[in-house]
2 protein chains.
Amino acid sequence: MTTATSGETRRGRQRRQLVDDLCVEARRQLAVGGTGSITWRGLARAVGMSPASLYTYFANIDELLTELILRTYADLASAVQQAAMAFADAPLGDRLLVGPYAYRRWALTHRPDFNLIFTDQLPGYAAEPGGPTVSAQTLVFAPMAAVVGEAMGWPPPGDDLAAAVAEHQQTLVGLWAGFHGFVTLEVNHHLDWLDSRAAFERSMRQMMEFSSLPAATPTFADAFDHWLLSAATVT
Amino acid sequence: MTTATSGETRRGRQRRQLVDDLCVEARRQLAVGGTGSITWRGLARAVGMSPASLYTYFANIDELLTELILRTYADLASAVQQAAMAFADAPLGDRLLVGPYAYRRWALTHRPDFNLIFTDQLPGYAAEPGGPTVSAQTLVFAPMAAVVGEAMGWPPPGDDLAAAVAEHQQTLVGLWAGFHGFVTLEVNHHLDWLDSRAAFERSMRQMMEFSSLPAATPTFADAFDHWLLSAATVT
DNA sequence: ATTGATTTCCGAACATTGTTCGACTTATAG
DNA sequence: CTATAAGTCGAACAATGTTCGGAAATCAAT
């Protein structure tokens, strides 16, 4: 019965399994010692193989990093999406803040990962225009854009969200830059000298107020943190 | 007359000279190949010394990086300050934008340097609370804070600017996060898909308008770029 | 000017890294 | 069953950061 689940050869399964193992190990090393600690030989050691054998699966270390970046984008997108779903029935003002708050929380609990996907750590590594990283970006921001569009009364989000985004990209990029800037500074310890949690909340509320968007419930921040604790499910 | 300029021993001078050379060479390597290209042996090669000899001047590569970060902060601060002085007589609305614009321009012409000082590239490297990097930060932001304070009618900026900053830190951090977020995304090629120059201008004007600050001259962006060209002086 | 104590400099070595090459074994397809 | 492809490995190469011991230069005294 080796060909029971045919169409899937044994090597194909083992290959996918090994690539998965390599990626989780790489992210483990990343969490421990930063980007510089992801080492080819260390990965080989972790999966019990010769360094030379890994070249069957990745052409070089940059290619592995690329795969890692894609998976990390997906991880962030999943975190944002889960939060959005958990607050799907909350008032509109609250739902506007869910995205930035999930974004920030994931960034603070995955600082090296956040820097990995958002700042160029390699020499000439620049995501090519039509590359897969841009689609990964849209995956992250689709939920947030949808809520903003709803709040601003944009065309029915049903079919062509992309068109609405293109039309109002100025507004969306402005909002994104706002909370991304705050989060980046926080992740890299440039706001350690103040109560950044409270400052973030005030900044977010101000951004929404300035953009004539509905205000969130006064207790939203606590509600979000409470939901975080109760969601000790997926890593 | 070897001791003419006494108080300064020959070794002292040569030491300072060599440290300077090492730093400029390190920034050269940084500009070429990114952070990972700064290599101990390469530095030794560039100054014509044995790798072992460099340990007389820096305990390890992290210590050199620290010195490099400090000098890079000073470089950014100098760029901002020069721009501020050049526009000292411009209308208040224009002067509000000079800081962010100089910040952005320097960042775009020194992308690896920008990432070096603002994102943790080393494993456990975190600027200690009372460390010298925070004072370097204030050096960068003092000119901008002064203008914002003037526009908002804060207490006489004569003696205690620090007190005014502490009082209104929320506002200042909000503004900083806004343009820093935009610049960070731009530096790392996350806004390549749009006309980021125009988007930056619109975002900045919107930020100022939202904060009830005076608007800049319509032609400010061009005026700034024009000044840049005429300032082909210091690197 | 001579001495004695630092500072500077270097060659050699060690452990580690990414990557390549050729030979060997194993799985897949016809 | 067999030929082709995929996987695995050991050995080797060049390059890296860092340490150590000793030689040379410079400094601060007498």
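Chain letters run A, B, ... following the sequence lines, proteins first and then strands; every chain starts at 1.
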| What about B:R11, does its side chain sit under 3.5 Å from the base of D:dA25 through a donor-acceptor pair? | yes
| query | Touch check for A:T56, heavy atoms < 4.0 angstrom, all strands: base, sugar-phosphate only, or nothing? | reply | base
| query | Between C:dT25 atom C1' and A:M49 atom CE, what is the distance in whole Å? | reply | 15 Å
| query | Side-chain contact, heavy-atom cut-off 4.5 Å: A:Y73 with A:V140? | reply | yes
| query | Hey, what's the ring geometry for A:F200 with A:Y101, parallel, tilted or perpendicular (30° and 60° as the breaks)? | reply | perpendicular
| task | Would you mind reading off the distance between B:F58 atom CZ and D:dT18 atom C1', rounded to a whole angstrom? | result | 16 Å
| In whole Å, what is the span from the CD1 atom of B:I61 to the C1' atom of D:dT16? | 9 Å
| field | Closest nucleotide among C:dT17, C:dG11, C:dT28 to the A:R10 side chain | value | C:dT28
| Hey, is the main chain of B:V183 close enough, under 3.5 Å, to the side chain of B:R104 for a donor-acceptor pair? | no
| said: Both B:R41 and A:N60 contact DNA chain C. Which one's nearest nucleotide lies toward the 5' end? | reply: B:R41
| Ionic contact status for A:D20 with A:R71, cut-off 4.0 Å | yes
| Spacing of A:R45 atom CZ relative to D:dC9 atom C1', expressed in whole Å | 16 Å
| said: So if I take every side-chain heavy atom of B:L18 and compare against D:dT19, C:dC9, C:dT20, which nucleotide ends up nearest? | reply: C:dC9
| message | Distance check needed: D:dT8 C1' versus A:L43 CG, whole Å only. | response | 17 Å
| remark: Here the distance between atom P of D:dA6 and atom CZ of A:R13, to the nearest Å, is 18 Å
| field | Any B:T9 side-chain nitrogen or oxygen under 4.0 Å from OP1 or OP2 of D:dT26 | value | no
| request: Take the protein atom CD1 of B:I38 and the nucleotide atom P of D:dG17, then report the distance between them rounded to whole Å. | output: 11 Å
| What is the distance from OH of A:Y57 to P of C:dT19, rounded to the nearest Å? | 17 Å
| field | Check: B:H180 ring centre within less than 6.0 Å of B:F114 ring centre | value | yes
| task | For B:S53, report the nucleic acid contact type (base, sugar-phosphate, nothing); a contact means any heavy atom under 4.0 Å. | result | base
| message | Given C:dT19, D:dA5, D:dT18, identify the nucleotide with an atom nearest to the side chain of A:W40. | response | C:dT19
| said: Looking at A:R15 and D:dG7, is any side-chain donor or acceptor paired with a base atom of the opposite kind under 3.5 Å? | reply: no
| Which of the following nucleotides, D:dG17, C:dG18, C:dT28, is nearest to the side chain of B:Y55? | D:dG17
